[in-house]
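Here the structure is a predicted model, which means the values were calculated and not measured.
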Amino acid sequence: MKFFIDTASLAQIKEAQDLGVLDGVTTNPSLMAKEGISGHDRVMKHYVDICNIVDGDVSAEVIATDYAGMIKEGEDLAALHPNIVVKVPMTRDGVKAIKYFTGKGIKTNCTLVFSAGQALLAAKAGATYVSPFVGRLDDVSTDGVQLIEQIRVIYDNYGYGTEILAASIRHPMHIIQCAEVGADVATCPLSAITALFDHPLTTIGLEKFLADHKKAATAVKA
Ligand code: G3P
């Protein structure tokens, strides 16, 4: 399973990249706003800065909601860097835009997906990625991981090449559960990725190994 980081923070992207397990980045307008990135030129520069840190796909979301606007914005975004993936919302115009971008060889990420039917439409339009929002479904008492499982079955039934990008991941168990049901990618906050490293028995075991090594070294000296 690929690990993407879900942030627009350059510091966090660098930190995740340094861990050696990062495969890409997803952003959205809320994440860009959180970093105080606004205005056309600053936003475009920020995407290039992200692409220069990570050697992997970087999702950049269109703001337009009409077909013509999405095409214009998406083409501008795609021209920024070969790793840019144009992120398009799951709407009628969005699916049409995905179909257009697919024909042009531009990678797409269909976002704001909350049902298997929506995921099926994204795959039919040729989306590179589909983003079901696991955490936001859990928030409304609906099993987000179950949706990932359902989409996996549907895509495998028909051999769709669209990759399932589990989004709105909130904690390390989401990552494990999405891996168990066959998500292709999990896009996560840095905290969820780093939490995977930790286990108390690893910490205790390492302390014991080092203490025994020190004891043996002291015994040899004496
Ligand atoms: O990028 C979309 C998604 O990952 C949003 O996550 O935590 O705002 O539901 P969240």
Side-chain angles (χ1 to χ4, degrees), residues 2 4-10 12-13 17 22-133 136 151 155 160-169 184-187:
K2 285 184 264 185
F4 287 3
I5 186 166
D6 197 26
T7 185
S9 156
L10 297 181
Q12 288 196 14
I13 293 167
Q17 171 69 16
L22 190 66
D23 301 296
V25 179
T26 53
T27 61
N28 63 38
S30 305
L31 294 171
M32 294 291 275
K34 195 172 160 198
E35 298 307 310
I37 311 297
S38 64
H40 178 267
D41 292 355
R42 263 197 88 200
V43 167
M44 297 304 247
K45 184 187 172 301
H46 200 74
Y47 287 135
V48 174
D49 289 345
I50 294 174
C51 290
N52 288 335
I53 299 172
V54 182
D55 185 20
D57 284 348
V58 173
S59 285
E61 189 160 338
V62 296
I63 304 299
T65 54
D66 64 299
Y67 177 74
M70 284 192 240
I71 299 302
K72 164 88 185 77
E73 266 184 53
E75 285 185 331
D76 289 351
L77 289 167
L80 286 175
H81 194 280
N83 288 350
I84 289 284
V85 175
V86 179
K87 203 173 181 188
V88 177
M90 166 42 73
T91 60
R92 282 167 177 73
D93 278 2
V95 170
K96 261 174 68 182
I98 288 169
K99 179 94 183 160
Y100 170 87
F101 291 131
T102 304
K104 292 270 169 193
I106 293 173
K107 287 183 278 184
T108 53
N109 176 355
C110 185
T111 190
L112 289 166
V113 165
F114 293 93
S115 76
Q118 291 178 326
L120 186 53
L121 291 171
K124 283 183 71 66
T128 314
Y129 298 103
V130 65
S131 287
F133 279 31
R136 288 194 199 181
I151 298 170
Y155 282 9
Y160 287 122
T162 300
E163 293 190 50
I164 303 172
L165 192 166
S168 186
I169 295 288
D184 298 290
V185 189
T187 189

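When side chains are defined from C-beta on, V58 does not count as touching H81, because their heavy atoms never get closer than 4.5 Å. Between N28 and M32, every side-chain heavy-atom pair lies at or beyond the 4.5 Å cut-off. Using a 4.5 Å heavy-atom threshold, the side chains of K107 and V86 count as separate. Put simply, the side chain of Y160 reaches to within 4.5 Å of the side chain of K124, judged on heavy atoms. The shortest side-chain heavy-atom distance between N83 and D55 falls under the 4.5 Å cut-off. Side-chain contact between I71 and F101 is present, with heavy atoms from C-beta onward closer than 4.5 Å. For the pair P132 and I151, the minimum side-chain heavy-atom distance is below 4.5 Å.
With values rounded to the nearest 0.5 angstrom, T26 atom OG1 is found 3.5 Å from D6 atom CG. Separating the CZ atom in F133 from the CG atom in L165 is a distance of 9.5 Å, to the nearest 0.5 Å.
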Item to complete: Check the pair K72, D76 against side-chain contact (heavy atoms from CB on, under 4.5 Å), reporting the backbone distance first and the verdict last.
Response: CA-CA 6 Å; K72 164 88 185 77; D76 289 351; 2.5 Å; yes
Discussion item. Is there a side-chain contact (heavy atoms from CB on, under 4.5 Å) between I169 and T187? Walk through the geometry before answering.
Written reply: CA-CA 7 Å; I169 295 288; T187 189; 5.6 Å; no
Practice prompt. Determine, stepwise, if the pair I5 / L22 fulfils side-chain contact (heavy atoms from CB on, under 4.5 Å).
Written response: CA-CA 7 Å; I5 186 166; L22 190 66; 3.9 Å; yes
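Scanning all heavy atoms of the two residues, the minimum distance from I84 to L77 falls at CG2-O, 3.5 Å. Nearest heavy atoms, D57 versus F4: CB-CZ, 4.3 Å. Counting all heavy atoms, side chain and backbone alike, E73 lies closest to I63 at OE1-N, 2.6 Å. The two residues V54 and D23 come nearest to each other via the heavy atoms CG1-C, 4.5 Å. Of all heavy-atom pairs between D93 and Y67, the closest is OD2-N, 3.1 Å. The two residues P89 and V62 come nearest to each other via the heavy atoms CD-CG2, 3.9 Å.
Under a 3.5 Å cut-off, the side chain of R136 and the backbone N or O of A167 do not form any donor-acceptor pair. Judged by distance alone, with hydrogens and angles left aside, the side-chain atoms of H46 form a donor-acceptor pair with the main-chain N or O of A8 at under 3.5 Å. In terms of modelled atom types and a separation under 3.5 Å, the side chain of Q17 and the main chain of I13 share no donor-acceptor contact. Using a distance-only test at 3.5 Å, with no hydrogens or angles considered, no donor-acceptor pair links the side chain of N109 to the main chain of K87. At distances below 3.5 Å, not a single donor-acceptor pair connects side-chain atoms of S131 with backbone N or O atoms of T111. Remark: the backbone N or O of S59 is paired with a side-chain donor or acceptor of T27 at under 3.5 angstrom. Using a distance-only test at 3.5 Å, with no hydrogens or angles considered, no donor-acceptor pair links the side chain of Q12 to the main chain of T7.
Electrostatic pairing of D184 and K2 does not count as a salt bridge here, judged by no charged N lying under 4.0 Å from a carboxylate O. Between E75 and K104, no side-chain nitrogen of the basic residue sits less than 4.0 Å from a carboxylate oxygen of the acidic one, so the salt-bridge criterion is not met. Salt-bridge formation is not detected for the pair D41/K45: no Lys NZ or Arg NE/NH1/NH2 atom is positioned less than 4.0 Å from an Asp or Glu carboxylate oxygen.
Other residues, nucleotides and ligands contribute more than 12 heavy atoms inside 6.0 Å of the CG atom of D49.
Among the candidates L120, I98, V130, the single residue satisfying the side chain to side chain contact (heavy atoms under 4.5 Å, CB included) test with T162 is V130.
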